[in-house]
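These notes concern the structure reproduced below.
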There are 2 protein chains.
Amino acid sequence: MAQKQENLSKNQKIVLDYIEKANQPLKAYSILFNVQKKGLKAPPQVYRALDKLIEMGKIHKIESRNSYIACQNSSCQLEKATAFSICESCDKVTEISNHSLSKYLSNIKDKNGMKFNRYNLEFFGLCKKCKV
Amino acid sequence: MAQKQENLSKNQKIVLDYIEKANQPLKAYSILFNVQKKGLKAPPQVYRALDKLIEMGKIHKIESRNSYIACQNSSCQLEKATAFSICESCDKVTEISNHSLSKYLSNIKDKNGMKFNRYNLEFFGLCKKCKV
DNA sequence: ATAATAGTGTTATAGTATAACATTGTCATA
DNA sequence: TATGACAATGTTATACTATAACACTATTAT
Ligand SMILES: [Zn+2]
Ligand SMILES: [Zn+2]
Ligand SMILES: [Zn+2]
Ligand SMILES: [Zn+2]
């Protein structure tokens, strides 16, 4: 059975806490380095926690950056439908919460008869601060 | 100045030829292994060619798979707007060519004042064959 | 109790990508 | 034609990202 969100394991809590405090995407090895004082000493411990947190929708992976960010969207349907804006200058990442966009994408039908059950969308550009 | 698409360099031609023949996403090190007989002996030679071919829009990177596929879409606007369907069972990848989708996404305005100049969209699911 | 499942700890290794530097090719123009 | 600017190449080493494999412990359900 899928684990309930309230029941995070020890390592999962440690990793999630650290990611949530960051408010920006973090690399796995930077997480590892920073949670070593809490007892997570080796990569598999971090990657396992990351995998479970992703399954639960508590964090998302920014694929183009190999980094991990806390879900910023309380209505996020687990990991089924994710969209982000990424600044190519300062690397700021924001989770996009746009109902009409997610509705549009969730209703897309594939021409080749494929059944979609998940998507990930990444927009790239310059944030307000970096546009100047 | 940006190189014209007709003027591929030697290594770029070798790498593109191999990717185009594959009709499926390829990993960088599998490309490297297969073009060693043509003289590309080290990773940087392959990665440089890949980078340039991506810039030119001749190939795209499937971010969630760390793999590279030839552009299947003659009207692809370089690397500005890419969309793919990915079968989670057999790994088949198809470039999506859907005018209304690309129009919709290109017109999305960011709530935080970010100026988008590129996006990448990856749909995941089961292809026709794997759905059974 | 027993078994099933999930989580942990650990070592080693696989897989992906870039830094750095020396060299060569191409082409415009001084 | 030579000089400079830029693109591409060749090469070695290294950095970064992620998983395999195995032994062990904790939790829960029957
Ligand atoms: Zn989310
Ligand atoms: Zn920025
Ligand atoms: Zn394309
Ligand atoms: Zn399939």
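Protein chains get the first letters and strands the later ones, always in sequence-line order, with residue 1 at the start of each.
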Reckon B:N7 has a side-chain N or O less than 4.0 Å from the OP1 or OP2 of D:dA8? no

Phosphate oxygens OP1/OP2 of D:dA7: is one of them under 4.0 Å from a side-chain N or O of B:S9? no

Note: contacts of residues 32-40 of chain A with DNA chain D (heavy atom, under 4.0 Å) are none

Please tell me if B:K27 has a side-chain N or O lying less than 4.0 Å from either OP1 or OP2 of C:dT16. yes

Interface polar pairs with nucleotides 18-26 of chain C, N/O, under 3.5 angstrom:
residue : atom : partner : partner atom : Å
C:dA20  : N6   : B:R48   : NH2          : 3.1

D:dT9 phosphate, OP1 or OP2, under 4.0 Å from B:Q45 side-chain N/O: no

In whole angstrom, what separates A:E63's CD from C:dT16's C1'? 14 Å

Could you tell me the separation between the CG atom of A:L26 and the C1' atom of D:dT17, rounded to a whole number of Å? 15 Å

Between A:N11 and C:dA6, does any side-chain N or O lie under 4.0 Å from OP1 or OP2? no

With A:F116 as reference, evaluate A:N107, A:I108, A:L105 under the side-chain contact (heavy atoms from CB on, under 4.5 Å) test and give the passing residue. A:I108

Any chance the side chains of B:S64 and A:E63 put a donor and an acceptor closer than 3.5 Å? no

B:I54 CD1 to C:dT16 C1', straight-line distance once rounded to whole Å: 13 Å

Take atom CE of B:M56 and atom P of D:dA7, then tell me their distance rounded to the nearest Å. 12 Å

I'd like to know if the side chain of B:N34 pairs up with that of B:Q36 as donor and acceptor (distance under 3.5 Å, no hydrogens or angles considered). no

If you compare every side-chain N and O of B:K61 against the phosphate oxygens of C:dA17 (OP1, OP2), does one of them come in below 4.0 Å? yes

Are the side chains of B:I54 and B:Y68 in contact, using a 4.5 Å heavy-atom criterion? yes

If you compare every side-chain N and O of B:N66 against the phosphate oxygens of C:dG15 (OP1, OP2), does one of them come in below 4.0 Å? no

Return no unless some side-chain N or O of B:Y68 is found under 4.0 Å from OP1 or OP2 of C:dT16. no

Is B:K131 atom NZ crowded by more than 12 heavy atoms from other residues, nucleotides or ligands, each under 6.0 Å away? yes

Test salt bridge (charged side-chain N to carboxylate O under 4.0 Å, His left out) applied to B:E20 and B:K58, step by step: CA-CA 9 Å; B:E20 283 182 336; B:K58 303 291 249 181; 5.5 Å; no

Rounded to the Å, how far apart are A:K41 NZ and C:dT11 P? 9 Å

Heavy-atom distance under 4.5 Å between the side chains of B:S100 and A:Y104, does that happen here? yes

Please examine the side chains of B:E95 and B:C71, heavy atoms only from C-beta on, and report whether any two atoms are closer than 4.5 Å. yes

B:K10 side chain N/O closer than 4.0 Å to the phosphate oxygens (OP1, OP2) of D:dT9? no

Hey, which of A:F123, A:F124, A:F84 is the one that makes side-chain contact (heavy atoms from CB on, under 4.5 Å) with B:Y119? A:F123

